[in-house]
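Remember, it's 1-based here, ligands and their atoms both numbered in the order they're listed.
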Amino acid sequence: MAELLPSILAADFANLHNEIMKVEEAGYLHFDIMDGRYVPNISFGPDIIKALRPYSRQVFDTHLMIVEPERYIDRFVEAGCDVLTFHYEATRHPHRVVQQIKEAGCKVGIALNPSTPLDNLDYLLEDLHQVLIMTVNPGFGGQEFIPAMKEKISKLRKTIDERKLKTLIQIDGGVNLNNLSELKDLGVDLFVIGSAIFGAEDPAGVIKKANSILK
Ligand code: DX5
Ligand code: ZN
């Protein structure tokens, strides 16, 4: 079954511990790390993840929207991340960063911005736990899903299946209860959802509804 990853970026930063309790039904938490250079926004760093780690048994899925992510891999692994996804466009040496994350004992993903072609991953795909297809331009929650990304998702699904790989497809940005079913049919494995969960009156209720769509 596909999985939901609530994105903390959309949560109440003044009450993060309570906020993650509201979404403990989800098997994952998604942490958006933004440095104000790779993306215009600045969010938070490894210390927030470290502070929350003791209060959750969920998979900590961390999305590094930072330049030269190789500088911070150890900090995020020590903080308790289970999966580290970096942006292909943010480093000169993506293959080396993949090796570095795996050697640190963490699962590894690569994120592609909407305009970055899939074939950049031809010689990386088999080494990846997941590929994150950005369905908005990175940096902010609450944006509209970019429809052209549906074709990109289908192409990646076809490639992974043809090559008989176990690499998971993750999407992130503008996902909600209205488009979830259609996106599930494209073969997505991991759905990052921010504002549609934390912006709702009843986040746990949204997760229940979303899980019933995904099962
Ligand atoms: C955007 C982040 C996303 C964002 C998703 O740069 O990577 O994870 O928080 O938020 P929504 O679901 O509101 O688009
Ligand atoms: Zn994200």
Side-chain angles (χ1 to χ4, degrees), residues 2-13 16 19-20 22-23 26-46 48-49 52 58-67 69 72 76 79 81-90 107-116 128-150 152-153 168-184 188-201 203 205-207 209-211 213-214:
E3 294 275 359
L4 286 178
L5 296 81
S7 169
I8 303 301
L9 188 72
D12 173 3
F13 279 17
L16 276 181
E19 292 283 275
I20 66 171
K22 289 179 189 169
V23 295
Y28 290 71
L29 287 176
H30 182 81
F31 294 92
D32 288 308
I33 309 301
M34 300 177 180
D35 64 0
R37 278 187 57 207
Y38 185 68
V39 290
N41 200 1
I42 297 177
S43 59
F44 48 81
I48 296 290
I49 295 175
L52 293 172
Q58 292 154 295
V59 174
F60 277 18
D61 175 88
T62 299
H63 177 189
L64 299 174
M65 287 165 273
I66 63 176
V67 294
Y72 288 98
F76 282 99
C81 296
D82 299 294
V83 187
L84 276 181
T85 298
F86 67 96
H87 272 258
Y88 178 83
E89 311 89 347
K107 289 182 178 151
V108 59
I110 288 185
L112 298 179
N113 281 339
S115 64
T116 305
L128 300 178
H129 174 73
Q130 64 194 45
V131 173
L132 169 48
I133 292 184
M134 288 306 294
T135 44
V136 295
N137 281 297
F140 299 93
Q143 301 178 75
E144 285 298 307
F145 182 94
I146 300 172
M149 293 299 103
K150 291 182 207 167
K152 190 172 181 180
I153 295 165
L168 300 176
I169 299 178
Q170 183 181 49
I171 65 172
D172 184 1
V175 180
N176 54 52
L177 292 178
N178 301 325
N179 59 19
L180 191 59
S181 179
E182 179 194 6
L183 296 170
K184 171 195 153 195
V188 174
D189 302 294
L190 302 167
F191 292 92
V192 175
I193 305 182
S195 44
I197 289 178
F198 286 107
E201 276 296 303
V206 172
I207 289 182
K209 279 198 199 110
N211 277 329
I213 293 170
L214 294 181

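- The single protein non-hydrogen atom nearest to atom 13 (O) of ligand 1 is Ser195 OG, 2.4 Å, given as residue, atom name and distance.
- The line from CD1 of Ile171 to CG of Asp189 is 10.0 Å long, rounded to the nearest 0.5 Å.
- Contacts of Ile193 with ligand 1, taken as heavy-atom pairs under 4.0 Å, involve the backbone alone.
- Near Met34, the atoms of ligand 1 lying under 4.0 angstrom from a non-hydrogen atom of the residue are 6 (O).
- Shown in contact with Gly142 at under 4.0 Å from a heavy atom are these atoms of ligand 1, numbered in order with element: 11 (P), 13 (O), 14 (O).
- A donor-acceptor pair under 3.5 Å is absent between the side-chain atoms of Glu89 and the main chain of Leu112, judged by distance alone.
- The shortest N/O to N/O separation between Gly174 and ligand 1 falls below 3.5 Å.
- Here the angle at the Zn ion (ligand 2) defined by ND1 in His63 and NE2 in His30 stands at 100°, rounded to 10 degrees.
- Listed by number with element, the atoms of ligand 1 under 4.0 Å from a non-hydrogen atom of Leu9 are 9 (O).
- Listed by number with element, the atoms of ligand 1 under 4.0 Å from a non-hydrogen atom of Val192 are 8 (O).
- Listed for the Lys152 side chain is a donor-acceptor partner under 3.5 Å among the backbone atoms of Pro114.
- At the shortest separation from atom 10 (O) of ligand 1 among protein heavy atoms lies Gly141 CA, 3.6 Å.
- No donor-acceptor pair closer than 3.5 Å links the side chain of Asp61 to the backbone N or O of Leu190.
- At a 4.0 Å heavy-atom cut-off, ligand 1 touches Ser7 through the side chain alone.
- The protein heavy-atom contact nearest to atom 6 (O) of ligand 1 is Gly139 N, 2.7 Å.
- With the Zn ion (ligand 2) at the apex, Asp32 OD1 and Asp172 OD2 define an angle of roughly 170° (rounded to 10 degrees).
- Between the side chains of Asp32 and His30, at least one donor N or O lies within less than 3.5 Å of an accepting N or O.
- Closest of all the heavy-atom pairs between Met149 and Phe145 is CB-CZ, 4.4 Å.
- Within the 4.0 Å heavy-atom shell around ligand 1 one finds Gly173.
- Nearest protein neighbour of atom 1 (C) of ligand 1, counting heavy atoms only, is Phe140 O, 3.6 Å.
- Listed by number with element, the atoms of ligand 1 under 4.0 Å from a non-hydrogen atom of Pro138 are 6 (O).
- Side-chain atoms of Tyr72 and Asp35 include no donor-acceptor pair closer than 3.5 Å.
- Less than 4.0 angstrom separates some heavy atom of His30 from each of these atoms of ligand 1: 8 (O).
- Heavy-atom proximity to His63, at under 4.0 Å, picks out these atoms of ligand 1: 7 (O).
- The minimum heavy-atom distance between Ala26 and Leu4, with the atom names listed, is CB-O, 3.9 Å.
- The minimum heavy-atom distance linking Ala2 with Phe191 is given by the pair CB-CE1, 3.7 Å.
- Across the listed options Thr85, Asp172, Val136, Asp172 owns the non-hydrogen atom lying nearest to atom 8 (O) of ligand 1.
- If you check the side chains of Asp82 and Gln58, you find no donor sitting under 3.5 Å from an acceptor.
- A side-chain donor-acceptor contact under 3.5 Å links Asn176 to the backbone of Asn179.
- Protein heavy atom in closest approach to atom 12 (O) of ligand 1: Gly194 N, 2.7 Å.
- Surrounding NZ of Lys184 are more than 12 heavy atoms belonging to other residues, nucleotides or ligands, all under 6.0 Å away.
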